[in-house]
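Reviewing the structure listed below.
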Amino acid sequence: MTTTPSFSDKRAGDAAAATDSLHGRLRAISARRVRRDLLLGLLVLVPAALYPLVGSTFHVQLLTSGLITGLVAMSFSLLAGFSGMVSLAQMAFYGIAAYVVAIGGQTYGLPPLATVPLGLLAACLLAALFGLIAVRSSGIYFLIMTLALLQMFFGVAMQWQSVTGGYNGISGITRPELFGLSLRDAVPLYLLTLAVSALAYVGLRWLLQTPFGLSLQGIRDRPERMRALGFRVQLHRWLLMILSGLVAGMAGILGVYYHGVVSPDVAGLTASLLPLLAALVGGVSSLVGGLLGGIFITVLISVVSAQMQQWFNSSHYWTVIGIFFMAVVIYCPNGVFATDSRIRVLLARALGRRGGDDADTAQQRR
Amino acid sequence: MKLPAKLSGAAIACGAALALAGAPASAQDKEPIRIGVMSSLSGAFAQMGQDGVDGVRMAFDEVNNEIAGRPVELFVEDSAMNPSTAVEKTRALVNRDGAQLVLGPLSGAAGLAVKNGADEFPNATIIVAGSAAEDITMRGIAPNVFRTSYTGAQPTFPLGNYAYQQGYRKVAIVAEDYAFPYAQVGGFMKTFCALGGTVTEKFWVPIGTSDYSSIVAQIPQDIDALFVALGGTDAVNFIKQMDQFGLLDQIDILGGTVTVDGTQLASIGPLMEGVVSGSIMSGQLENEAFKELDRKFQELRGRPPSLFVENYYRAAKWAILALQDIEGRIEDQEAFREELLQTSFQAPGSFVSFDKYHNVVPDVYLNRVQKVDGQWRNVPIRTYSRVSQFWTFDPEEYQAAPPYDRDTPSCPG
């Protein structure tokens with residue numbers, strides 16, 4: 001299994017450049033994989049959906065929170081891993097969707113059927129606006145630009161007191177009902193979050209295999225070459241940015257229903273770094289990594305912050321988490337689930353052959 | 001360096017486990033009372049948050065972590081000044097740790113978010129121990145949420161009163177641009193303006209501003225006093241720059257509740273000499289509870305207890321007294337809340353009780369910065385006893401008025 005369709009960098013660039021014949025080969029490969037992926041998906045989704053039967057309320061809530069962070073991480077990976085745009089502005093898209101739902105519902109009494117589409121639309125529009133400014137730059141400049149835009153969003157949320165509630169934000173959000181189940185309760189919200197995450201993942205996965213998706217990877221690796229071939233590089237980047245805004249917006253709506261509050265802190269630096277760390281842990285070049293990373297980091301922070309208090313009476317849990325991330329960057333630069341991850345290598349060694357097989361399977365999946 | 005620290009931590013944990021194992025059987029047999037503590041333990045307010053946790057631990061140490069024969073288990077979490085985090089941590093404390101009582105959080109936005117989401121926790125009681133946002137105990141209250149600290153306006157009502165009595169008629173204001181200072185300024189203006197004073201200029205500055213020169217240059221020359229509602233290093237920087245501009249000697253300064261505390265006095269005590277501020281705490285009080293807390297905290301940390309130590313200590317003490325009265329039956333939440341509302345006692349700050357809106361009724365002190373035995377301290381010059389969150393205004397009318405913000409209230413002259 002040597003040809004990987006979407007993730008290995010150089011090949012994807014060449015694939016888009018060499019066009020048709022390679023496309024055909026990729027299609028054939030993906031057709032073979034669809035069935036296996038579906039099976040794999042069900043193997044993950046069914047136990048995940050049944051988890052609330054055995055898990056405690058708190059663990060269900062923790063998973064929900066992890067998936068929400070994971071969705072934002074996925075929107076980050078979509079830009080960073082598949083088009084080389086490292087964006088710090090994802091939480092602004094999350095935030096605007098959350099604010100629109102909160103303001104629409106609390107201030108104007110609009111039904112969720114109106115606020116949810118409006119929230120998603122707002123996220124897309126903000127992403128389109130940010131994109132107009134940011135896609136002109138690339139690399140570190142793009143990163144700084146998105147950071148500046150994030151700060152602007154934070155400033156507006158903080159200062160526009162009459163609409164956003166300023167520092168206090170808007171709390172006491174009423175949650176809608178879905179099939180007669182209130183989204184205020186842990187389990188219905190978890191199931192909805194799980195469904196949205198799965199749909200977003202499948203949708204993005206599909207999109208990345210279309211010619212549009214492949215051209216993006218070409219743009220990531222050889223922008224000049226793609227431009228020479230006639231691709232409208234900035235337009236592609238802009239569209240992808242809007243798409244990532246949509247995904248982050250979905251997370252924002254789930255987030256405001258989950259927390260019942262939205263405040264400028266959603267676009268604060270800590271909140272904005274979490275999805276980035278999640279994507280880093282999961283591996284920036286994989287979509288599912290973002291989701292897994294989101295769950296991983298949420299659980300990690302929850303456990304470390306509680307245990308540091310229980311064992312050491314200490315509140316320095318961020319130090320421990322910081323050390324952990326340093327270790328991740330040094331030993332698993334492509335994420336803890338990646339094939340070159342030291343954790344996997346060590347696991348594989350410890351488990352002997354079986355571990356090795358696992359690594360192969362994963363490589364095929366990627 | 002790292003390893004010994006960890007080892008000693010582990011040793012302490014082992015020691016604690018052994019100590020627990022050796023505890024008397026009477027306390028062991030019974031189901032523990034699980035109590036959650038939420039404070040801001042990371043970021044800019046970490047120090048004050050840790051003070052709060054110290055306060056809670058001191059209160060429970062006094063009863064040997066045991067109430068009516070039941071052992072007490074404390075679970076501490078960091079709400080990080082962030083409302084979303086505060087909601088998540090409340091869930092962790094209640095749903096994971098089984099806490100039926102949560103003390104905290106510290107910041108206003110966090111407290112408001114927890115109160116507005118409190119119907120999610122029908123089987124837990126939340127005692128807000130630091131958050132000063134008015135609407136936690138106003139404009140609709142939650143049956144399971146109480147506040148033992150104060151509202152932003154509560155300690156500054158008397159300050160406005162005092163300012164007018166001092167003969168000040170024109171005052172300018174410098175304050176941070178968020179909800180807590182809005183309320184502090186609001187309380188001050190509500191009484192000051194009602195008497196006939198005017199506030200000619202308000203300067204709202206972002207939290208964490210370090211350069212105040214543009215503000216200092218704009219301070220009107222004809223004012224009688226300047227009300228400074230800044231906290232932490234903001235207050236220190238501002239006062240220093242006032243001094244550098246040579247204005248400090250020319251204008252009388254009034255301070256907000258967190259403008260003049262121990263840490264600020266330690267760094268710029270001489271510059272703050274004579275500043276009068278409104279608080280529910282003081283640096284020097286005559287009651288036994290204060291002296292006890294002062295002595296114990298000095299032993300623990302080598303400095304006088306801050307407002308946050310007292311606030312969290314008071315919340316914990318309040319809960320302990322109520323629980324003792326109902327023989328530790330925290331499972332009976334109705335009875336516990338009823339008892340809590342009835343309980344009144346001498347806290348280190350002052351004698352305290354609840355009003356029917358679940359908010360504390362404390363004494364408010366006007367403190368003046370003075371040198372006492374070579375140490376700069378807040379010394380009470382006036383005590384206003386039993387100050388309600390509505391001051392002397394009618395509660396209904398007060399709640400019907402719009403919440404404080406940059407422009408509300410206003411009294412230009």
Side-chain angles (χ1 to χ4, degrees), chain A residues 56-62 64-65 68 98 106 155 158-159 161-162 165-175 184-186 255-256 258-266 268-271 274 298 301-321 323, chain B residues 2 5-6 8-10 12-13 16 37 39-43 46 49-50 53 57 74-78 80-89 91-97 107-120 133 135 140 177-180 182 206-207 403 405-407:
Chain A
S56 70
T57 307
F58 175 71
H59 288 137
V60 169
Q61 286 171 331
L62 202 60
T64 313
S65 174
I68 293 170
Q106 299 303 111
M158 195 70 134
Q159 300 291 324
Q161 181 104 18
S162 57
Y167 171 81
N168 283 343
I170 299 170
S171 51
I173 308 288
T174 41
R175 277 77 143 195
R184 206 195 71 174
D185 298 331
V256 75
Y258 172 73
H259 290 115
V261 56
V262 56
S263 72
D265 287 301
V266 294
L269 271 185
T270 318
L274 276 191
T298 306
I301 291 175
S302 173
V303 168
V304 173
S305 78
Q307 293 312 317
M308 286 291 282
Q309 284 290 346
Q310 289 311 102
W311 292 340
F312 306 113
N313 274 350
S314 159
S315 51
H316 298 297
Y317 61 100
W318 283 114
T319 314
V320 177
I321 292 164
I323 291 169
Chain B
K2 265 268 101 38
K6 269 193 182 159
S8 69
I12 291 168
V37 183
S39 193
S40 300
L41 297 170
S42 58
Q50 189 55 49
V53 175
R57 290 198 195 279
L74 288 184
F75 299 88
V76 181
E77 280 282 9
D78 170 24
M81 299 299 285
N82 181 334
S84 311
T85 311
V87 170
E88 284 194 316
K89 292 299 168 76
R91 286 178 182 154
L93 292 169
V94 174
N95 295 341
R96 179 192 63 201
D97 301 328
S107 92
L112 210 52
V114 170
K115 179 249 182 173
N116 283 330
D119 54 349
E120 194 182 321
D135 286 359
D177 196 3
Y178 73 102
F180 175 65
Y182 295 161
I207 308 176
D405 62 26
R406 281 184 208 122
D407 308 315

Under 4.5 Å from any heavy atom of chain B - which part of A/Ser302
both
Taking side chain as everything from C-beta outward and backbone as N, CA, C, O, which of these in A/Tyr258 sits under 4.5 Å from a heavy atom of chain B? Side chain, backbone, both or neither.
both
Ranking A/Ser171, A/Ser305, A/Gly172, A/Ser56 by heavy-atom pairs under 4.5 Å to chain B gives rank one to A/Ser171
If one checks every heavy atom of B/Ser42 against chain A at 4.5 Å, the contacting part turns out to be side chain
Considering only heavy atoms and a distance below 4.5 Å, find which of B/Val76, B/Leu112, B/Val87, B/Asp135 pairs most often with chain A.
B/Val76
Close side-chain approach of B/Arg406 to A/Gln159, heavy-atom, < 4.5 Å
yes
Using the test salt bridge (charged side-chain N to carboxylate O under 4.0 Å, His left out), find all partners of A/Arg175 that sit at least two apart in sequence or belong to another chain.
none
Any idea which of B/Asp177, B/Leu93, B/Asp119, B/Val94 has the most non-hydrogen atom pairs under 4.5 angstrom with chain A?
B/Asp119
A/Thr270 side chain reached by B/Asn82 side chain, heavy atoms, under 4.5 Å:
no
Counting only heavy atoms closer than 4.5 Å, note whether B/Glu120 contacts chain A via side chain, backbone, both or neither.
both
Got a second to check how far A/Gln106's CD is from B/Asn116's CG, nearest 0.5 Å?
9.0 Å
Going by heavy atoms in the side chains, are B/Arg57 and A/Asn313 under 4.5 Å from each other?
yes
At a heavy-atom distance under 4.5 Å, which candidate from B/Ala118, B/Ala133, B/Pro83 has the highest pair count against chain A?
B/Pro83
The reported gap from OG in B/Ser107 to CG in A/Asp265 (rounded to nearest 0.5 angstrom) is 8.0 Å
Top contributor to chain B contacts, counting heavy-atom pairs under 4.5 Å, from A/Thr57, A/Asn168, A/Ile170, A/Leu62
A/Asn168
Under 4.5 Å between any side-chain heavy atoms of A/His259 and B/Glu88, yes or no?
yes
With chain A, which of B/Met81, B/Lys115, B/Lys89, B/Glu77 has the greatest number of heavy-atom pairs at distances under 4.5 Å?
B/Glu77
Going by heavy atoms in the side chains, are B/Asp78 and A/Ser315 under 4.5 Å from each other?
no
Check each atom of B/Phe75 against the heavy atoms of chain A and say whether the ones under 4.5 Å are side chain, backbone, both or neither.
both
